[in-house]
Amino acid sequence: MVTEQFGGSPEEADLRRADSLAREIFSDVANKWALLIIEVLGERTLRFSELRGEIEGISHKMLTQNLRMLERNGLVDRRVHPVVPPRVEYTLTEPGRALRVTIDGMCDWTHRYLGHIEASRHRFDA
């Protein structure tokens, strides 16, 4: 897989700047629903109802909003098949698959330190 690099000003890539595009993108994708959608899509193509069935607790509205945001940011491809009723499928784009690698690392980190975090919370809350 060839990773394409896109240019942009250093200011737009600076997460410390409140007006940077990078911060806006980070804010978009760093929410629990977006992370879960990207993780569930993985290397698969899924329909809306399949995605919703895979993500416990997500509402129709939240799934719709997050899929639109991910599509707008070029991380998810939405394909409408011209049949009756319309069949809509979602799949990760190349940048979405690249982000999934990072999300997989976060999931691994969570599994590795879950016991530590639970113990810390218990001590803190006591």
Side-chain angles (χ1 to χ4, degrees):
M1 174 186 342
V2 175
T3 301
E4 188 175 347
Q5 297 285 330
F6 293 95
S9 71
E11 294 81 20
E12 287 298 313
D14 188 351
L15 283 172
R16 295 171 297 175
R17 290 178 53 117
D19 62 344
S20 74
L21 179 58
R23 188 183 282 190
E24 181 183 334
I25 295 166
F26 189 80
S27 177
D28 281 350
V29 300
N31 78 68
K32 68 179 178 182
W33 298 125
L35 295 174
L36 289 170
I37 291 166
I38 292 168
E39 182 62 21
V40 167
L41 279 175
E43 299 294 327
R44 302 180 293 165
T45 297
L46 295 173
R47 296 177 70 177
F48 185 93
S49 59
E50 293 171 322
L51 260 172
R52 187 159 180 221
E54 292 277 334
I55 304 172
E56 188 174 321
I58 193 167
S59 68
H60 186 281
K61 178 182 176 182
M62 288 308 298
L63 182 56
T64 299
Q65 287 175 349
N66 277 273
L67 284 169
R68 286 179 181 164
M69 175 273 298
L70 291 168
E71 182 181 10
R72 179 176 182 254
N73 284 313
L75 302 174
V76 167
D77 180 50
R78 178 179 182 264
R79 179 166 293 153
V80 180
H81 298 275
V83 294
V84 177
R87 189 174 89 227
V88 181
E89 296 176 328
Y90 299 90
T91 190
L92 292 179
T93 62
E94 190 274 326
R97 289 189 302 273
L99 179 56
R100 184 168 177 255
V101 173
T102 300
I103 294 168
D104 285 345
M106 291 173 62
C107 291
D108 292 344
W109 174 87
T110 302
H111 290 124
R112 182 174 180 181
Y113 291 105
L114 188 62
H116 173 81
I117 293 166
E118 282 181 322
S120 293
R121 286 180 170 192
H122 180 71
R123 284 190 306 274
F124 185 88
D125 293 343

Practice task
Taking the side chain as every heavy atom from C-beta outward, state whether Arg47 and Val88 have any pair of such atoms under 4.5 Å apart.
Solution key: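 Arg47 does not reach Val88 side chain to side chain.
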Cluster overlap [X] with [Y], hydrophobic side-chain contacts below 4.5 Å:
{"X": "Leu36", "Y": "Met106", "result": "yes"}
{"X": "Val83", "Y": "Phe48", "result": "no"}
{"X": "Leu99", "Y": "Leu21", "result": "no"}
{"X": "Phe26", "Y": "Ile38", "result": "no"}

Problem - Least distance between heavy atoms, Thr45 atom then Glu50 atom - result: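 Nearest heavy atoms, Thr45 then Glu50: O-OE1, 4.4 Å.
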Exercise for the section: Could you pull out the closest heavy-atom pair between Val29 and Ala34, with the gap in Å? Expected result: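 The answer is O-CB, 3.7 Å.
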Problem - Distance-only side-chain donor-acceptor flag, Asn66 / Asp28, under 3.5 Å - result: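 There is no such pair between these side chains.
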Practice task
Could you verify whether a donor N or O on one side chain and an acceptor N or O on the other, from Ser20 and Arg23, lie under 3.5 Å apart?
Solution key: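 No, Arg23 and Ser20 have no side-chain donor paired with an acceptor closer than 3.5 Å.
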Mind checking the [atom1]-[atom2] spacing from [X] to [Y]? Nearest 0.5 Å is all I need.
{"X": "Leu51", "Y": "Leu46", "atom1": "CG", "atom2": "CG", "answer": "5.0 Å"}
{"X": "Met69", "Y": "Thr64", "atom1": "CE", "atom2": "OG1", "answer": "12.5 Å"}
{"X": "Ile37", "Y": "Ile55", "atom1": "CD1", "atom2": "CD1", "answer": "5.0 Å"}
{"X": "Glu71", "Y": "Leu67", "atom1": "CD", "atom2": "CG", "answer": "8.5 Å"}
{"X": "Thr91", "Y": "Glu89", "atom1": "OG1", "atom2": "CD", "answer": "8.5 Å"}
{"X": "Leu92", "Y": "Arg44", "atom1": "CG", "atom2": "CZ", "answer": "10.5 Å"}

Practice task
Assign the ring pair Trp109 / Tyr113 to parallel, tilted or perpendicular, where the plane angle (0 to 90°) is split at 30° and 60°.
Solution key: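 Aromatic pair Trp109/Tyr113 classed tilted.
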Practice task
Ignoring hydrogens and angles, tell me if any N or O in the side chain of Asn73 forms a donor-acceptor pair with the backbone of Leu75 under 3.5 Å.
Solution key: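 Not a single qualifying donor-acceptor pair exists.
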Practice task
Determine yes or no for a side-chain-to-main-chain donor-acceptor pair under 3.5 angstrom, with Thr93 supplying the side chain and Asp77 the backbone.
Solution key: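 Checking the backbone N and O of Asp77 against the side chain of Thr93, no donor-acceptor pair under 3.5 Å is found.
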Exercise for the section: Scan for salt bridge (Lys or Arg N to Asp or Glu O under 4.0 Å) pairs involving residues 29-39, sequence neighbours excluded, and state none if there are none. Expected result: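 Output for this query lists Glu39-Arg100.
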Practice task
Please report the C-alpha distance between Glu56 and Ile58 in whole Å, then the side-chain angles of each, then the deciding distance to 0.1 Å, and finally whether the side chain to side chain contact (heavy atoms under 4.5 Å, CB included) criterion is met.
Solution key: CA-CA 6 Å; Glu56 188 174 321; Ile58 193 167; over 6 Å; no
Handout entry: Glu54 bridged to Arg52 by N-O distance under 4.0 Å
Key =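 A salt bridge is absent here (no side-chain N lies under 4.0 Å from a carboxylate O).
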Handout entry: Residues that Ser59 engages under side chain to side chain contact (heavy atoms under 4.5 Å, CB included), provided they are two or more places apart
Key =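 So Ser59 forms a side chain to side chain contact (heavy atoms under 4.5 Å, CB included) with Lys61, Met62.
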Practice task
Step through the shown structure and confirm whether more than 12 heavy atoms of other residues, nucleotides or ligands are within 6.0 Å of NE2 on His111.
Solution key: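 No - once you tally the heavy atoms of other residues, nucleotides and ligands closer than 6.0 Å, there are 12 at most.
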Exercise for the section: Step by step, work out the side chain to side chain contact (heavy atoms under 4.5 Å, CB included) result for Val76 and Leu41. Expected result: CA-CA 9 Å; Val76 167; Leu41 279 175; 4.0 Å; yes
